[in-house]
Structure formats: structure tokens, C-alpha cells
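One structure below.
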Amino acid sequence: QVQLAESGGGVVQAGGSLRLSCAASGRTFNTYAMAWFRRAPGKEREFVAAISRSGGNLYYVDSVKGRFTISRDNVKNTVYLQMYSLKPEDTAVYYCAAGSDPTYNGRWYDYWGQGTQVTVSS
């Protein structure tokens, strides 16, 4: 079993940046693909980015391409989401998730963190 804990959220002005971290428990972190999802107020959960087990394959939703970067450190058991050029529409609770494959479909992820709030003011 894997436990995930996100951190790094906060309030930032439009155009600013934040780095989210997701620390995973256990010694099997490198056997999981990892992903970030978000849920904005009144909206459904949305895929943001995913990374393969080795970190060699990266996937992004179109709306964040060129602005967000997902990465992982398999020694520190941590996945990151570096966010630049933030927009008010990026405001959401951000969740990290662990699963067998780096898919955009949240149903295929087995473990989820509690989420961290990101608020982008205009």
C-alpha cells in the first residue's frame, strides 16, 4: 500500500509560479506511475499530468503544456509539479495519484493523496 501526501499549495498572483510536491510512503514508489489531477470548484476532476515509473515518459493536458512540468525523484519517493505562468483558471485542489500506468483516466489509479489547494488571483 502507498500513502501520498501533497504539499506546496498556496495563493499566488496570476503569472506566478508554485511547485507542488507529493511524498509517498513505502519502498515501492518506483513501481508506480504517478499523476496529478485537479478539481476546480463546481467542476469534475481533471487530469493534469502523468509520469511513467522511470520518469522517461511524460503526459500533460493541453491546457498546461509549456507551463507545467511533472518530475519524480525515485530516491526521495517524491513526485513534483512545477507550475509557471499560473492563471486564475488553474485554481483548484490538486491531487497526486499512484497507479500501474500513466493514464489520463483517474479510475486506473489506486492511491490518492488528500489534495493541496492552489489559488491564483487575478
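- At a threshold of 4.5 Å between side-chain heavy atoms, the hydrophobic network of Ile, Leu, Val, Met, Phe, Trp and Tyr places Tyr84 and Val61 in two separate groups.
- One finds the OH atom of Tyr94 at 5.5 Å from the CE atom of Met83 (value rounded to the nearest 0.5 Å).
- Between Asn57 atom CG and Ile70 atom CD1 the span is 11.5 Å, to the nearest 0.5 Å.
- For the side-chain contact (heavy atoms from CB on, under 4.5 Å) criterion with Met34, the lone passing option out of Leu81, Thr78, Leu4, Val2 is Leu4.
- Minimum heavy-atom separation, Tyr109 to Ala33: CE2-O, 4.3 Å.
- Evaluation of the disulfide bond (SG atoms under 2.5 Å apart) test over residues 25-72, restricted to residues two or more places apart or in two chains, returns none.
- Sorted by first and then second residue, the disulfide bond (SG atoms under 2.5 Å apart) pairs with a member in residues 30-62 form an empty list; sequence neighbours excluded.
- By the side-chain contact (heavy atoms from CB on, under 4.5 Å) test, Ala5 pairs with no residue at all, sequence neighbours left out.
- For residues 100-119, no residue pair satisfies the salt bridge (Lys or Arg N to Asp or Glu O under 4.0 Å) rule, not counting sequence neighbours.
- Within the structure, the salt bridge (Lys or Arg N to Asp or Glu O under 4.0 Å) test picks out the following pairs touching residues 78-100 (sequence neighbours left out): Arg38-Asp90, Arg67-Asp90.
- With sequence neighbours left out, Gln117 forms a side-chain hydrogen bond (donor to acceptor under 3.5 Å, both in side chains) with Thr119.
- Under a 3.5 Å cut-off, the side chain of Tyr32 and the backbone N or O of Ala97 do not form any donor-acceptor pair.
- By the side-chain hydrogen bond (donor to acceptor under 3.5 Å, both in side chains) test, Asn74 is found to be paired with Arg72, residues two or more places apart in sequence or in another chain being considered.
- For residues 44-72, the set of pairs meeting the ring pair (Phe, Tyr, Trp, His ring centres under 6.0 Å) definition, not counting sequence neighbours, comprises Phe37-Phe47.
- When the side chains of ILVMFWY residues are joined at heavy-atom separations under 4.5 Å, either directly or via intervening members, Val79 and Leu58 end up in a single hydrophobic cluster.
- Proximity of a side-chain donor or acceptor of Arg53 to a complementary backbone N or O of Ser100 within less than 3.5 Å is detected.
- Closest non-hydrogen pair, Leu18 versus Leu86, comes out as N-CD1, 3.9 Å.
- Using a 4.5 Å cut-off between side-chain heavy atoms of Ile, Leu, Val, Met, Phe, Trp and Tyr, with links allowed through other members, Trp36 and Phe29 fall into the same hydrophobic cluster.
- Among residues at least two apart or in separate chains, disulfide bond (SG atoms under 2.5 Å apart) pairs with a member in residues 12-98 are Cys22-Cys96.
- In plain terms, the two heavy atoms of Ala14 and Pro88 that are nearest each other are CB-CD, 4.1 Å.
- To the nearest 0.5 Å, the span separating OH on Tyr80 from OG1 on Thr69 amounts to 14.0 Å.
- Listed by first and then second residue, the salt bridge (Lys or Arg N to Asp or Glu O under 4.0 Å) pairs that reach into residues 4-18 come to none, sequence neighbours excluded.
- The side-chain hydrogen bond (donor to acceptor under 3.5 Å, both in side chains) analysis of residues 7-18, with sequence neighbours excluded, yields no pairs.
- Listed by chain and residue number, Asp62 satisfy the side-chain hydrogen bond (donor to acceptor under 3.5 Å, both in side chains) test with Lys65 (two or more places apart in sequence, or in another chain).
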